[in-house]
Amino acid sequence: EPVDPTLTTKDFVQRVLVRCNAKLSDTKRAILTEQLVRVAHQRFDREEYRQAYLSLLCIESVYNQQAKSPVGATGIAQLMPQYAEHFAQLCGYKGVDPSDILDTEINVQLGACLFSYLIKETGNVYIAMSAYNSGLGGVTTKALKDLKAGGPVETISYVNRITVLKEEILNASSIDNRISGDRKSK
């Protein structure tokens, strides 16, 4: 898939926040943008993984820092509090307890760490998205085989929504570049 080489991670974050209609003050938007850029570069070595994670967060929570799902997943990355310590150990953090995932920086760090781990475990960003959606309890060898076979309809829809969002942002960037290029040549 083509990636716009002129689209920086910061540009992508700004576009995904607008596209997701994130309800943030200018100050919170600036702080969150810097946090997301930093986390994306710390946890992912490829731009496509950064963009997938940033798109995943939009689908998970619409970047609502106070988001809470019906099953108790919390924050922008929609993490389950009972897994906070496990995520923290996976990421090399010490002394994290369930209430810490209410902190936006910790929430997006742990979510990125989990997503990065799933990419490494599965070898496939799309299966990693499916596994993220299934939750930690759903990430078993059997579940991963099922996901490779297509997975449940809800999970397929989830992966499609992330992929479409990411592609819409990339396509809009490409169109913007062509328009600005046309303006410069006139």
Exercise. Are Tyr83 and Leu110 close enough, and set up right, to give a side-chain contact (heavy atoms from CB on, under 4.5 Å), and what steps lead you there?
Worked result: CA-CA 10 Å; Tyr83 296 126; Leu110 295 179; over 6 Å; no

Problem set entry | For Ala30, all residues meeting side-chain contact (heavy atoms from CB on, under 4.5 Å), sequence neighbours excluded | none

For this session: Sequence neighbours left out, what pairs pass salt bridge (charged side-chain N to carboxylate O under 4.0 Å, His left out) with at least one residue falling in residues 106-115?
Result: none

For this session: Enumerate the residue pairs fulfilling salt bridge (charged side-chain N to carboxylate O under 4.0 Å, His left out) with a member in residues 122-133, sequence neighbours excluded, ordered by first and then second residue.
Result: none

Problem set entry | Minimum heavy-atom distance Ala84-Ile101, with the two atoms named | CB-CG2, 3.7 Å

For this session: Please round to the nearest 0.5 Å and tell me the distance separating atom CD of Gln89 and atom NE2 of His86.
Result: 7.5 Å

Problem set entry | Separation of Asn133 CG from Leu118 CG (nearest 0.5 Å) | 11.0 Å

Problem set entry | Side-chain donor or acceptor of Glu85 paired with backbone N/O of Gln82 under 3.5 Å | no

Exercise. Can any side-chain N or O of Ser69 pair as donor or acceptor with the backbone N or O of Ala73 at less than 3.5 Å?
Worked result: yes

Problem set entry | Chi angles and distances behind the side-chain contact (heavy atoms from CB on, under 4.5 Å) call for Tyr93, Asp100 | CA-CA 11 Å; Tyr93 293 111; Asp100 290 336; over 6 Å; no

Exercise. How far does CG of Leu54 sit from OH of Tyr63, to the nearest 0.5 angstrom?
Worked result: 4.5 Å

Seminar exercise, completed: salt bridge (Lys or Arg N to Asp or Glu O under 4.0 Å) filter on Lys68, not counting sequence neighbours, yields none

Exercise. Can you name the side chain to side chain donor-acceptor pair (under 3.5 Å) partners of Lys94, sequence neighbours left out?
Worked result: none

Exercise. Are side-chain heavy atoms of His41 and Thr9 found at a separation under 4.5 Å?
Worked result: yes

Exercise. Hey, does Lys166 have a side-chain heavy atom less than 4.5 Å from the side chain of Phe12?
Worked result: yes

Problem set entry | Pairwise distance CG(Asn64) to CG(Leu24) - rounded to 0.5 angstrom | 8.5 Å

Exercise. Asn107 side chain to Leu102 main-chain N or O, any donor-acceptor pair under 3.5 Å?
Worked result: no

For this session: For Thr163, check side chain to side chain donor-acceptor pair (under 3.5 Å) against everything at least two apart and list the hits.
Result: none

For this session: Any chance you could lay out the side-chain contact (heavy atoms from CB on, under 4.5 Å) test for Leu56 and Leu165, step after step, and finish with the verdict?
Result: CA-CA 9 Å; Leu56 175 148; Leu165 172 63; over 6 Å; no

Exercise. Is there a side-chain contact between Ile76 and Leu32, using heavy atoms and a 4.5 Å cut-off?
Worked result: yes

Problem set entry | Within-4.5 Å side-chain heavy-atom neighbours: Phe44 and Ile119 | yes

Seminar exercise, completed: To the nearest 0.5 Å, atom CG of Leu36 lies from atom CD of Gln14 at 11.0 Å

Exercise. Between Phe87 and Val96, does a side-chain contact (heavy atoms from CB on, under 4.5 Å) hold up when you go through it step by step?
Worked result: CA-CA 9 Å; Phe87 294 146; Val96 172; over 6 Å; no

Seminar exercise, completed: Those residues at least two apart in sequence (or on a different chain) that pass salt bridge (Lys or Arg N to Asp or Glu O under 4.0 Å) with Arg50 are Glu47

For this session: Return each pair, listed once, that meets disulfide (SG to SG under 2.5 Å) where at least one residue sits in residues 80-124; pairs must be two or more places apart or across chains.
Result: Cys91-Cys113

Exercise. How many angstroms lie between atom CD1 of Ile162 and atom SG of Cys58, to the nearest 0.5 angstrom?
Worked result: 9.5 Å

Problem set entry | Side-chain touch Lys10/Val13, heavy atoms, less than 4.5 angstrom | no

For this session: Any side-chain hydrogen bond (donor to acceptor under 3.5 Å, both in side chains) involving residues 53-62? Give me the pairs, sequence neighbours left out, ordered by first then second residue.
Result: Glu60-Tyr158

For this session: Taking side-chain contact (heavy atoms from CB on, under 4.5 Å) as the test, write out the residues that go with Glu105, two or more places apart.
Result: Gln35, Arg38, Val39, Asp103, Gln109

Problem set entry | Pairwise side-chain contact, Val16 with Leu57, heavy-atom cut-off 4.5 Å (strictly under) | no

Problem set entry | Backbone N/O of Thr8 and side chain of Asp11: donor-acceptor pair under 3.5 Å | yes

For this session: Answer yes or no: is there a side-chain heavy-atom contact under 4.5 Å between Leu7 and Arg15?
Result: yes

Seminar exercise, completed: Hits for side chain to side chain donor-acceptor pair (under 3.5 Å) against Ser99, two or more places apart or cross-chain, chain-then-number order -> Asp97

Exercise. Hey, are the side chains of Phe115 and Met129 touching, using non-hydrogen atoms and a 4.5 Å cut-off?
Worked result: yes

Seminar exercise, completed: Across all chains, not counting sequence neighbours, the side chain to side chain donor-acceptor pair (under 3.5 Å) partners of Lys28 are none

